[in-house]
Q: 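Quick one: structure below, then a few questions.
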Amino acid sequence: MNETLATVLVGIFGITGSLLLLASALAMFRVRDALSRINVFSPATGLGMPLIVAAAYVFDLHSAGFSWSSLLMAVVAVLCLIIVSSVASNTLARSTVLSGQPVFRKTSPNRLASPPEGVTDVESDEV
């Protein structure tokens, strides 16, 4: 692989993945409820981390040459990231709802806008 092409690909994949992680982390400070915080981290885990794995694979491909083991490790890593982040997001969202955390009333679409029975929404009068 051409050195310039490898450097450009590693840079594009690494920087794009890092920017997605940074944007998701900053977005977590802007949202108001736990469900939205879980939701805004999806681009980081679904696209940002796989792009960083792709950057590492391209770097390894350039420096050590092609090997089936490194390709297999990269594919397994991306699949595991996607599967684990999906399961973790569902588990966190479910535990958030079951724990009675209120959903911000301006979240749209929102089928969970009304708090569970016995829980009062303290932010219902704000903004």
Side-chain angles (χ1 to χ4, degrees):
M1 178 180 282
N2 186 357
E3 183 167 342
T4 304
L5 178 64
T7 304
V8 168
L9 286 177
V10 168
I12 288 172
F13 290 158
I15 290 172
T16 304
S18 300
L19 287 176
L20 279 170
L21 286 172
L22 178 65
S24 295
L26 292 175
M28 288 181 74
F29 290 110
R30 296 187 56 98
V31 296
R32 293 194 170 235
D33 59 358
L35 283 177
S36 297
R37 287 187 180 125
I38 295 167
N39 191 31
V40 298
F41 207 61
S42 297
T45 57
L47 187 60
M49 293 298 289
L51 280 174
I52 292 175
V53 170
Y57 175 71
V58 170
F59 178 77
D60 185 56
L61 181 66
H62 173 66
S63 61
F66 177 78
S67 72
W68 285 105
S69 64
S70 64
L71 177 63
L72 182 65
M73 283 192 300
V75 169
V76 168
V78 169
L79 289 177
C80 286
L81 282 169
I82 291 172
I83 291 169
V84 168
S85 70
S86 299
V87 171
S89 295
N90 279 329
T91 303
L92 285 171
R94 187 178 186 102
S95 65
T96 299
V97 170
L98 291 177
S99 70
Q101 290 293 317
V103 178
F104 186 59
R105 63 184 170 87
K106 289 193 173 183
T107 300
S108 177
N110 186 0
R111 293 185 203 157
L112 303 170
S114 58
E117 206 169 294
V119 176
T120 57
D121 186 3
V122 293
E123 295 184 10
S124 61
D125 294 333
E126 294 179 10
V127 182

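Everything numeric in this text was worked out from a predicted model, so none of it was measured. Values below: every heavy atom of this structure, side chains too, minus hydrogens, waters and symmetry copies.
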Q: What heavy-atom pair brings Val40 and Ser24 nearest, and what distance separates the two atoms?
A: O-OG, 3.3 Å
Q: Please tell me if the side chains of Asn39 and Leu35 come closer than 4.5 Å, counting only heavy atoms from C-beta onward.
A: no
Q: Using every non-hydrogen atom in the two residues, find where Leu21 and Ala44 come nearest and quote the distance to one decimal.
A: CD2-CB, 3.3 Å
Q: Return yes when atom CZ of Phe66 has more than 12 non-hydrogen atoms of other residues, nucleotides or ligands closer than 6.0 Å, and no otherwise.
A: yes
Q: Let me confirm one number: the OG-CD1 distance from Ser85 to Ile82, rounded to the nearest 0.5 Å.
A: 7.0 Å
Q: For Ser36 versus Val31, what's the shortest heavy-atom pair and its separation?
A: CB-CB, 3.7 Å
Q: Of all the heavy-atom pairs spanning His62 and Glu3, show the shortest one and how long it is.
A: CE1-CA, 3.6 Å
Q: How close do Ile38 and Ala93 get, counting heavy atoms only, and between which atoms?
A: CD1-N, 3.6 Å
Q: Can you name the closest pair of heavy atoms from Ala77 and Val53 and give their distance?
A: CB-CG1, 4.1 Å
Q: Using 0.5 Å steps for rounding, measure from the CG atom of Leu47 to the OG atom of Ser42.
A: 11.5 Å
Q: Are the side chains of Ile52 and Ser18 in contact, using a 4.5 Å heavy-atom criterion?
A: yes
Q: Would you be so kind as to tabulate the donor-acceptor pairs closer than 3.5 Å made by side chains of residues 9-17, with sequence neighbours excluded?
A:
from, atom 1, to, atom 2, distance (Å)
Thr16, OG1, Ile12, O, 2.6

